[in-house]
S.K.: 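I'd like to ask you about the structure that follows.
These values consider heavy atoms only, across backbone and side chains, with no hydrogens, waters or symmetry-generated copies. One-based numbering along the sequence shown. Everything numeric here is computed off the predicted structure, so don't read it as measured data.
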Amino acid sequence: MLLCSRTTNMENSTYELYSLPKDSSDSSSNSEVECKRSSGITALWVARNRFAVFDRNNQLVVKNFKNEVTKKIQAPPCDEIFYAGTGMLLLRDPDFVTLYDVQQLVVIAQVKISKCRYVVWSPDMSHVALLGKHTVNICNRRLESLCNILENTRVKSGAWDDSGVFIYTTSNHIKYAITNGDHGIIRTLDLPIYITKVKGTQVFCLDRECRARVMNIDPTEYKFKLALINRKYEEVLHMVRNARLVGQSIIAYLQQKGYPEVALHFVKDEKTRFNLSLECGNIEVALEAAKALDDKACWERLGQVALMQGNHQVVEMCYQRTKNFDKLSFLYLITGNLEKLKKMTKIAEIRKDTSAQYQGALLLGDVTERINILKNCGHSSLAYLTAATHGFTEEADKLKEEISQGKEIPPINPNAVFLKPPVPIQQAEANWPLLTVSRSFFDAAMTTKASKGVHQALAFDAPTDGGVAEGWGADAELDLDEEDGDEFKDAEKGAEEGEAEAGSGWDVDEVELPEELMINLKGAGDGSGGFVAPTKGLSQAQIWSSNSQLVADHLRAGAFDSAFRLLNDQVGVVNFAPYKKLAMNLFAGSRTSYRALPGLPSMFAHPSRNWKDSNPKNSRPVLALKLNDLVQNLQKCYQLTTGGKFTEAVEKFQLIAMSIPLLVVESRQDISEAQQLLTICKEYIVGLQMETKRKGLPKGTLEEQQRLCEMAAYFTHCNLQPVHQILTLRTALNMFFKLKNYKTAASFARRLLELGPRMEVAQQARKMLQACEMNLTDEHNLQYDEHNPFNLCAVTYKPIYRGQPEEYAPSRSTRYSHERCMLVSRVPA
């Protein structure tokens, strides 16, 4: 017998067939399970002889083989169930997927995903992929979210391959997702397919016509990333040598994950090689690339990195190439190279750089040179003091005679001391010592062949005959008495003869070690236990951005590119310049700084909003924007509007409107309140901007006065608070009364009285209404019809009456006239 779950059309259904054993001894029993196709029932195994049924009445029960109800489950509200292993079910509701224990009747875990459509378990049931309409959420067995991917097109199907990578399809791509959050495209599709199984390089699938197909894919990219994640460096090395992985995406991925030395070995572009070598600290490769580029900026960067590593020989070369004489002189000073420091003084003299020449004389302690420099510069008094202070009597007398002819002789300080820089004890010819760090796997692998040739070239080629040359003399030859013999030599000779006599019976063959093992042995050196730097882990900011699809979390993490991409996908934002200040404030407030000990650099802590149940892999940043805070800011905007400070109020309203997409809310009520807040901001922004523009328009001609009245009338149709609505109606009433459009002014007066204004305002409105009712006519025809519903264009400030073409903002809150949008679209970029 077969028990069938519900089936619908090809794209929105799951086919689940369950085989039930038939009891041959009771074939006529009325309790036999009837196999039928029911369009409203889902049945799933929960034990060896039990299955759970979610019937058309939204009831969850457990039945046995005789189709008898053994247990009724009071589970949380749900609209669909999925398989989750023995004794477990996945319950789906519109916002969550819940892991439910059928035996203990408790909720084990819960993950937030909107309208989950498919559930795909890995073969070992250690991971599960929850597929929504546009989302892929990968969790572990306890429903802890590991990876969340947002797609622009529909997610069609998915399956796990043998290596634990989830392969899924969209409308036009086959993609992959690794549990650490990495994802990408494998190949494009002409028509949508539905994956059933992935084996090696083959994908077994169904097309739209339910025909079985087999497609070939290239898994090199995701297997390369998986090998890096699992630290299977032998596989990585094999792929680097044999696979075609060269590409900017792979290079950027290796840099991001902390493996620039891997990308360095298969990149040929000198600029890229230079940047990668600096990032991984490979000064030799960076020097070769800098020589090939011969760019001043490259030499300066190389000099900075080499100075941090203590490689002052490379630093000297960089300063020479960039002609940075000041830094070069200081480098010679701290390395004790006085000879080159003297040359720098001569170079300064040739360059006529008196300041550098005098500084070099100071560093060398050359008093004579200092006196000459001061004398040549016309500073006779300073030259006299220098000579007199340092004991140069003859030179001081000559200078004294020159000074006494027209100037006052400066007094000499009797307490002056002869200061001279200390002489270096030893000149630092070699580079400064570094911490002993063993070569990485990739450095050792890539330099094996090259290092072999270098060692052979540097090794001493000894003569084959074992003798010494004539020039050393006969005393260099060691003549031992052959008759006396040598016990050590005889023993060694006997051992060699014994080895030579070893026949084939021993069956001793040469064992060839694997190349990867030889690379490890050479990279490890002599086993002296050198320090091996630990692998750099993920920063907290990277975890925040990879675990969330919320714009606020990405801004908190400093991932501005992905945050703005989400803003464009979710809200349609294309100009991100107004978000700069807000984004920087969010990023600056995402961490706290503290100092552990005096003199040490500051350390950072990253507070988490889910600190009670968080671990290093699922933490979320603290909320920066809250709905209550925006509501309080809204009250301040109301006060500015009441005070007539329209420009400041518009800026505050715009800030609130930009902050709304960055909110993190938990309930549908919060969502509706945020949407209502956005609508309020839109009404005030459009109205106040229009009023500000109206006040700046000229008032001379009749047409200009009519346009001012039209804008005042439109302002009354903005959905403002009653206190502000009263002010707009009073303005429009006065302007239309002065224009002698008494009929329209009377309607404004009635609307004003309906809002219940203050007593003096109401009395004035009644008087104007009585005056208007005596002559209910409009002297001028204006572009305003209060009885025809309209929306206001946010750019032209003209009405868009019902039935006319209009355009919406992405939030569908602001309207624009179709003519205005067509005009903007024709403007060249």
S.K.: Hey, is the main chain of Ile195 close enough, under 3.5 Å, to the side chain of Ser157 for a donor-acceptor pair?
M.R.: yes
S.K.: Restricting to ring-ring contact (aromatic ring centres under 6.0 Å, His included), what partner residues turn up for Tyr579, sequence neighbours left out?
M.R.: none
S.K.: Please lay out, stage by stage, how Phe560 and Leu555 fare under the test side chain to side chain contact (heavy atoms under 4.5 Å, CB included).
M.R.: CA-CA 6 Å; Phe560 298 124; Leu555 291 178; 3.7 Å; yes
S.K.: Quick check against the 3.5 Å criterion: does Gln202 have a side-chain atom that pairs as donor or acceptor with the backbone of Val214?
M.R.: no
S.K.: Does Tyr176 form a side-chain hydrogen bond (donor to acceptor under 3.5 Å, both in side chains) with Asp161? I'd like the steps, not just the answer.
M.R.: CA-CA 10 Å; Tyr176 68 88; Asp161 77 339; over 6 Å; no
S.K.: Are the side chains of Asp629 and Leu625 in touch, meaning some heavy atoms are under 4.5 Å apart?
M.R.: no
S.K.: Taking side chain to side chain donor-acceptor pair (under 3.5 Å) as the test, write out the residues that go with Ser590, two or more places apart.
M.R.: none
S.K.: Return yes if some donor-acceptor pair links the side-chain N/O of Arg92 with the main-chain N/O of Cys116 below 3.5 Å, else return no.
M.R.: yes
S.K.: Would you please say whether a donor-acceptor pair under 3.5 Å links the side chains of Asp93 and Thr98?
M.R.: no
S.K.: Is there a donor-acceptor pair under 3.5 Å between the side chain of Arg556 and the backbone N or O of Val622?
M.R.: yes
S.K.: For Lys115, does the NZ atom have more than 12 heavy-atom neighbours from other residues, nucleotides or ligands under 6.0 Å away?
M.R.: no
S.K.: With sequence neighbours excluded, tell me which residues meet side chain to side chain donor-acceptor pair (under 3.5 Å) with Ser114.
M.R.: none
S.K.: Answer yes when Asp95 and Lys112 have at least one side-chain N-carboxylate O distance shorter than 4.0 Å, and no when they do not.
M.R.: no
S.K.: Is there a side-chain contact between Thr86 and Val46, using heavy atoms and a 4.5 Å cut-off?
M.R.: no
S.K.: Does Thr153 offer a backbone N or O that forms a donor-acceptor pair with the side chain of Thr170 under 3.5 Å?
M.R.: no
S.K.: Without swapping roles, check the side chain of Asn137 against the backbone of Cys139 for a donor-acceptor pair under 3.5 Å.
M.R.: no
S.K.: Contact between Ile174 and Arg187 at the side-chain level, heavy atoms closer than 4.5 Å - yes or no?
M.R.: yes
S.K.: Does Thr135 have any side chain to side chain donor-acceptor pair (under 3.5 Å) partners at least two apart in sequence or in another chain, and if so, which?
M.R.: none
S.K.: Can you check whether Arg141's main-chain N or O pairs, donor with acceptor, with Trp121's side chain at less than 3.5 Å?
M.R.: no
S.K.: Run the ring-ring contact (aromatic ring centres under 6.0 Å, His included) test against Phe204 and tell me which residues pass, sequence neighbours left out.
M.R.: none
S.K.: Between the side chain of Glu144 and the main-chain N/O of Ala109, is any donor-acceptor distance below 3.5 Å?
M.R.: no
S.K.: Between Thr42 and Phe54 (side chain of the first, backbone of the second, donor and acceptor by atom type, cut-off under 3.5 Å), is there such a pair?
M.R.: no
S.K.: Can you tell me how far apart NE2 (His183) and CG (Leu150) are? Round to the nearest 0.5 Å.
M.R.: 9.0 Å
S.K.: What residue among Lys197, Lys223, Lys199 forms salt bridge (charged side-chain N to carboxylate O under 4.0 Å, His left out) with Asp162?
M.R.: Lys199
S.K.: In terms of side-chain geometry, is the basic nitrogen of Arg211 or Glu209 positioned less than 4.0 Å from the acidic oxygen of its partner?
M.R.: yes
S.K.: With a sphere of 6.0 Å drawn around CE of Met125, does it hold more than 12 non-hydrogen atoms of other residues, nucleotides or ligands?
M.R.: yes
S.K.: Arg565 pairs by side-chain contact (heavy atoms from CB on, under 4.5 Å) with which of Asn568, Leu567, Asp569?
M.R.: Asp569
S.K.: Determine yes or no for a side-chain-to-main-chain donor-acceptor pair under 3.5 angstrom, with His173 supplying the side chain and Gly184 the backbone.
M.R.: no
S.K.: Report the residues that fulfil side chain to side chain donor-acceptor pair (under 3.5 Å) with Arg609, sequence neighbours left out, ordered by chain and then residue number.
M.R.: Asp553
